[in-house]
There are 2 protein chains.
Amino acid sequence: MVTVMNDHTFDFCETLTDAQDALAREMLERASAKWPLRAMHILAEAKGPLRFSRVLERVEGISQKVLTQTLRTLESDGLVTRTLYPQVPPRVEYELTPLGGELLVEVVTLWQWIANRLPDFEAARKRAPQATDTSKG
Amino acid sequence: MVTVMNDHTFDFCETLTDAQDALAREMLERASAKWPLRAMHILAEAKGPLRFSRVLERVEGISQKVLTQTLRTLESDGLVTRTLYPQVPPRVEYELTPLGGELLVEVVTLWQWIANRLPDFEAARKRAPQATDTSKG
DNA sequence: ATCTATACATACCTCATGGTAACTGTCATG
DNA sequence: CATGACAGTTACCATGAGGTATGTATAGAT
C-alpha cells in the first residue's frame with residue numbers, strides 16, 4: 001500500500017510481496033503502453049463487441065500479428081473477453097470487460113492530467129532537447 | 001481533451017494536434033516505465049537533492065549507463081533538475097521538480113488503483129495463463 | 001608513480017519488441 | 001479449379017533497450 005501526501009513525498013509501506021509489486025508494475029506498464037491502450041480505447045468507443053478485423057482497421061498502424069498478441073495479453077489479464085464463434089469463415093469478437101473499462105478510466109485520467117500539463121513538457125523540451133531524440137523522425 | 005463518463009465510454013474531442021497527442025502518449029509511457037518511475041520514486045523519498053551515486057545505489061538493478069540516460073531524459077522533460085558542481089571529483093545532484101512530484105503523485109494513484117485490484121489480475125492470469133510468459137524467470 | 005573516487009562516455013553484445021510476408025483451413029463464389 | 005475472406009500462425013529481419021567492460025579527467029592520498 002502506498003500513501004501519497006500533498007507535498008510530493010511518499011511512504012511505501014511493504015504490504016505487497018515482491019511478486020505482487022512486480023505484477024502491479026507490469027500491469028501499470030502494460031496499461032500505459034501504446035498498443036494495449038489504443039486497443040482498449042477502440043473497444044471502449046465501440047460500446048460492445050468488435051470483430052478482429054474491425055479492431056485492426058481502427059487501431060491505426062498496428063500489424064495484425066501484434067494486434068493478436070496485444071488482444072491475447074489483454075484477455076489473459078482479464079481486460080477484454082475473446083469470444084470465438086465456430087463458423088466459416090471464422091468469427092472472433094473482442095469486448096472490454098468491466099475491469100478493463102475501469103482500468104481504462106484510470107489511465108485516461110492520468111492521460112488527461114498529462115495533456116493539461118503539455119505546455120510544461122513542451123517548454124522543458126525546448127530548454128533541454130538533448131534526450132528528446134528526433135533523429136528517427 | 002478527453003471526456004470520461006461513468007459507464008466506461010469515452011469521447012475524444014480533437015483539441016490536440018497529432019504532435020501534442022504523440023507527446024502526451026510518450027509522457028504517459030515514460031512516466032509509467034520501470035526505470036524512470038523508480039528513479040523518480042527514489043528522488044521523491046529523498047525529499048531533497050541526491051548525488052548520482054546515491055541514486056545508483058538505491059535504484060536496485062539499474063546500470064550506471066541506463067541511470068544516466070534515464071536521469072537525462074527526466075531532466076529534458078522537466079521532471080528532475082540536474083545541478084553540476086564544478087569540483088574534483090565531480091559532483092552532480094539530482095532533484096525532483098514540482099512538476100515531477102505532481103506527475104509522480106498521479107502515477108502512484110494509478111499504481112494504487114492497480115494494487116487494489118491485484119486479486120482480479122491474479123485470478124485472470126490463473127484462468128488464462130497463455131500470454132503471461134514465465135519462461136524467462 | 002600509482003591508486004582511488006566521481007560522473008560520466010563509449011564500444012560491444014544480447015535479447016525482446018514489432019514489422020513484413022507468406023502460409024493455414026474452410027467454405028462460397030466464379 | 002482458382003480466388004477471396006477471416007483470424008490467425010510462422011519465419012525472418014530491423015530496431016532499440018539495456019547489460020558489461022573500459023576509457024576520461026582531475027586531485028588528493030600513499
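Just so you know, these numbers come straight off a predicted model, no measurement behind them.
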Peer 1: Should B:Arg51 be listed as having a side-chain N or O under 4.0 Å from OP1 or OP2 of C:dA7?
Peer 2: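 Yes, B:Arg51 has a side-chain N/O under 4.0 Å of OP1/OP2 on C:dA7.
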Peer 1: What is the distance from CG of A:Leu84 to P of D:dA7, rounded to the nearest Å?
Peer 2: 10 Å
Peer 1: Please confirm whether the shortest side-chain N or O distance from A:Arg72 to OP1 or OP2 of D:dG8 is below 4.0 Å.
Peer 2: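 Affirmative; the distance criterion is met.
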Peer 1: Counting the atoms with a prime plus P, OP1 and OP2 as sugar-phosphate, which does B:Tyr94 contact under 4.0 Å by heavy atoms, base, sugar-phosphate, or nothing?
Peer 2: sugar-phosphate
Peer 1: Whole-Å distance between D:dC6 P and A:Leu50 CG?
Peer 2: 14 Å
Peer 1: Of all the heavy-atom pairs spanning A:Ala39 and A:Thr70, show the shortest one and how long it is.
Peer 2: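 Heavy atoms only, the tightest pair is CB-CG2, 4.4 Å.
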Peer 1: Are A:Lys47 and A:Glu45 close enough for a salt bridge, meaning some N to O gap below 4.0 Å?
Peer 2: no
Peer 1: Return yes if the base of C:dG19 and the side-chain atoms of A:Lys65 contain a donor-acceptor N/O pair under 3.5 Å, otherwise no.
Peer 2: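 Such a pair is found, so the answer is yes.
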Peer 1: For DNA chain C, whose closest nucleotide is more 5', that of A:Lys34 or that of B:Gln64?
Peer 2: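 Looking at the nearest nucleotide for each, B:Gln64 comes out on the 5' side.
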Peer 1: Any carboxylate oxygen within less than 4.0 angstrom of a Lys/Arg side-chain nitrogen, looking at B:Arg117 and A:Glu102?
Peer 2: yes
Peer 1: Think A:Arg91 has a side-chain N or O under 4.0 angstrom from the OP1 or OP2 of D:dA5?
Peer 2: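 No, A:Arg91 has no side-chain N/O under 4.0 Å of OP1/OP2 on D:dA5.
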Peer 1: Between D:dA7, C:dA7, C:dA9, which one does the side chain of B:Pro90 approach most closely?
Peer 2: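 So the side chain of B:Pro90 is nearest to C:dA7.
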Peer 1: Once you round it to whole Å, what is the distance between C1' of C:dT17 and CD of B:Glu29?
Peer 2: 12 Å
Peer 1: If you pin A:Ser63 and A:Val88 to their nearest nucleotides in DNA chain C, which one's is more 5'?
Peer 2: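 The residue mapped nearer the 5' terminus is A:Ser63.
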Peer 1: Looking only at side-chain N and O atoms, does A:Ser53 come under 4.0 Å of OP1 or OP2 in D:dA7?
Peer 2: yes
Peer 1: If you take all heavy atoms of B:Pro49 and B:Glu93, which pair is closest and at what distance?
Peer 2: CB-OE1, 3.5 Å
Peer 1: Provide, to the nearest angstrom, the distance between the CG atom belonging to A:Leu56 and the C1' atom belonging to C:dG18.
Peer 2: 14 Å
Peer 1: Report yes if at least one side-chain N or O of A:Arg82 is closer than 4.0 Å to OP1 or OP2 of D:dG8; otherwise report no.
Peer 2: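 Result: yes.
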